[in-house]
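Notes follow the structure.
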Amino acid sequence: MSGKTNIEQNYHVYFLFFIFCSLIILYPQNFTELFYYDDNTIRYMIAKLWVEGKLSREEKLFFLAYGSAEIYIPFFYFAKILKVSNYELVYNFVSLFLFLIASSLFYHSTLKKKIQGYITFPFYLIFGIVCMKKGSLHWFIASSIFMHSIISERISNKQKFLLWFAYLISPPLVISSVLFCIIFLLKWEKKRAVDLLLPFLFTFPKYVLVSEITILEVKKSLYASEKFGREVIGETKSFAPPVPSVFLRPVVLDYFDNKVLGLVVYLILARALFTEDRQSLFVFILFYVFSFVSIFIFDIWKKGAHIPDLVISILSFFFTSNPFRYIPIFVIYFVMRSEETKYDNILLVFIILSFIASGIWVLVNQKGELPAKVPDEVKLVIRYINESEAEKILVEGDTHMLEKGKLIHPLYGAHIMSYIAAEADNKKFYGGVIPWELYKYNFFAGRFKYKPIESSDILEFISKNSINLVLCWTEACEKFFWKQGKKIVKFGKIKVVELR
């Protein structure tokens, strides 16, 4: 098609329109209380406890390895200097600010080039809305930087520096980098492949910093004994559990509530299949075929087959990092590497109308993707803890649970225990403060150190560490302490067990 549409001639208006609609869809009603869904509580807890000096060196190393809260910590320090006491307010405003920065970066990468950029921009904003809601803005920022690099004809020194920053805040980006290195090598673009991966080498200081913890845990869980390794893989709930039904996630689109935007995503996914870059599409398909096959490798390994520990270790990291997070990057790349079709303008108009309809629906119902406030019962738990004389608290953490293809959080759609730990005054927490069954964070969903609570040494642990309170949420945990004759106070889904 020749000539430019009116939309293409007014790309600044187009940009502002979609940003405005995205903010309405998010609908941040209350900035004074944390946007607590999903992993937001973890980022918040790490940043707050870090600037307040409440983390040990050991905890800092662990959180640097797994927390991805680095993007918030500098802002929290700045707020501390300015004597801003409400860190929830700081977190929320910083999140929106970073959402806008990452969106602007992607806009400058693609929007002015051709109509394919106009199609991918709202798709990328939907991805950003999901990351904003789920506390994954570090991935949204890293992906924006990465997309800016692979879409460009060459990777400049400035882009290399930004790539280094992207690898630093989101290490799983290296997997997509390896995939695109393969794509570039297939195209005989060796320099681009090297330039893309080279900045990753400069993130080694971070990995050296955390290696004393991460390497120890990998060895303990996968190399110490085959039996222990099988138990770990069988019980640990990673970001994407290695089971066949997990492949339903991209189909059911459980990432957001707005079904109209879901239809937009489906249409753009279909549009991506018309890419001219068949080599890249082949790599993409091969990647997910490997993902699917690896599930069965896990299965036969758990049943007793001899699989090298190194293979299991790699596959464990692979699924823990969530292989589905790379879909937006591939989709945008495919659309950008395709020729304009006669249906693109129709698709663009539909996308615009969908965003308008979504915004109107949110305004009418006064309910967007972000929560209006922290649940009242959670606030009551925090007040109860702060008024208690208890100094040491054992927490039964939650895990990701796969239900009908949807990855859910059983406690208010979030890792809410992290928020409780952040808001408690002068308390020391043990157990499942964060949702990783490694290191000392070892009490999750009715299991203590990978064993059912009734057959574990939890009472010995409580006695040894002089634990005063236990925060429970499963029926198994409640029944266990009820049989021990302990006083249990219930606040919604959360139970507080008095041990004294």
Side-chain angles (χ1 to χ4, degrees), residues 41-42 45-46 48-50 52-67 212-214 216-217 220-221 224 228 231-232 235-236 381-399 411 415-491 494-500:
T41 52
I42 301 173
M45 181 197 74
I46 294 171
K48 183 182 180 185
L49 298 184
W50 189 295
E52 289 180 344
K54 295 181 179 179
L55 297 178
S56 65
R57 175 180 175 273
E58 197 175 51
E59 288 170 326
K60 286 180 178 179
L61 290 175
F62 185 78
F63 290 142
L64 275 177
Y66 297 103
E212 63 181 82
I213 288 178
T214 54
L216 174 64
E217 293 308 320
K220 187 173 71 175
S221 61
F228 184 73
E231 289 174 356
V232 171
E235 300 299 336
T236 299
V381 171
I382 294 170
R383 182 187 300 174
Y384 187 91
I385 290 173
N386 285 336
E387 292 176 353
S388 170
E389 296 180 358
E391 296 178 353
K392 297 181 179 181
I393 302 171
L394 178 61
V395 174
E396 181 191 23
D398 70 291
T399 61
L411 288 180
H415 299 297
I416 207 67
M417 293 300 186
S418 299
Y419 177 75
I420 294 173
E423 293 301 290
D425 297 329
N426 301 316
K427 309 294 183 182
K428 185 173 179 60
F429 286 86
Y430 299 82
V433 181
I434 56 175
W436 292 294
E437 298 185 61
L438 295 174
Y439 192 46
K440 66 180 181 181
Y441 306 100
N442 48 26
F443 184 24
F444 295 90
R447 304 182 76 86
F448 185 76
K449 296 181 180 178
Y450 308 111
K451 295 181 179 180
I453 187 172
E454 63 273 9
S455 59
S456 71
D457 62 348
I458 190 171
L459 294 178
E460 180 182 340
F461 178 87
I462 288 172
S463 176
K464 181 179 178 180
N465 292 279
S466 303
I467 303 295
N468 311 122
L469 290 178
V470 178
L471 299 186
C472 285
W473 64 274
T474 64
E475 184 179 351
C477 182
E478 181 184 358
K479 283 185 177 180
F480 176 81
F481 285 105
W482 179 79
K483 289 180 181 178
Q484 301 295 320
K486 305 301 180 182
K487 176 184 176 182
I488 300 176
V489 184
K490 299 182 181 181
F491 298 95
I494 302 174
K495 294 93 176 178
V496 180
V497 181
E498 292 274 6
L499 297 179
R500 291 187 300 180

[X] side, atom [atom1]; [Y] side, atom [atom2] - distance, nearest 0.5 Å:
X    : Y    : atom1 : atom2 : answer
F480 : E396 : CZ    : CD    : 11.5 Å
I420 : I393 : CD1   : CD1   : 9.5 Å
F443 : I458 : CZ    : CD1   : 4.0 Å
L469 : L499 : CG    : CG    : 6.5 Å
W482 : C472 : CH2   : SG    : 14.5 Å
L411 : T474 : CG    : OG1   : 9.5 Å

- Item | Verdict with reasoning, F481 to K495, per side chain to side chain contact (heavy atoms under 4.5 Å, CB included) | CA-CA 11 Å; F481 285 105; K495 294 93 176 178; over 6 Å; no

Verify, without hydrogens or angle tests, whether [X] (side chain) and [Y] (backbone) share a donor-acceptor contact under 3.5 angstrom.
X    : Y    : value
K48  : A422 : yes
D398 : H415 : no
D425 : N386 : no

State, to 0.1 Å, how close [X] and [Y] come at their nearest heavy-atom pair, and which atoms those are.
X    : Y    : result
E423 : I382 : CB-CD1, 3.7 Å
S418 : I42  : OG-CG1, 3.6 Å
L459 : Q484 : CD1-OE1, 3.7 Å
G446 : A476 : CA-CB, 4.5 Å
I385 : A424 : CG2-CB, 4.1 Å
I488 : E478 : CD1-O, 3.6 Å

- Before giving the answer on side chain to side chain contact (heavy atoms under 4.5 Å, CB included), spell out for Y430 and F461 the whole-Å C-alpha distance, their side-chain angles and the decisive distance to 0.1 Å. CA-CA 10 Å; Y430 299 82; F461 178 87; 3.9 Å; yes

- Message: Show, in sequence, the C-alpha distance, side-chain angles and deciding distance for L471 and V496, and conclude whether the side chain to side chain contact (heavy atoms under 4.5 Å, CB included) test is met.
- Response: CA-CA 5 Å; L471 299 186; V496 180; 3.7 Å; yes

- Is K451 atom NZ crowded by more than 12 heavy atoms from other residues, nucleotides or ligands, each under 6.0 Å away?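 Counting neighbours around NZ of K451, 12 or fewer heavy atoms of other residues, nucleotides or ligands fall under 6.0 Å, so no.
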
- Crowding at CD, E498 (>12 non-hydrogen neighbours, <6.0 Å):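 Check passes, neighbour count above 12.
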
- Between K464 and E460, is the closest basic N to carboxylate O distance under 4.0 Å?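 Result for this pair is no, no salt bridge flagged.
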
- Message: Salt bridge check, E454 against K483: does any charged N sit closer than 4.0 Å to a carboxylate O?
- Response: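 A salt bridge is absent here (no side-chain N lies under 4.0 Å from a carboxylate O).
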
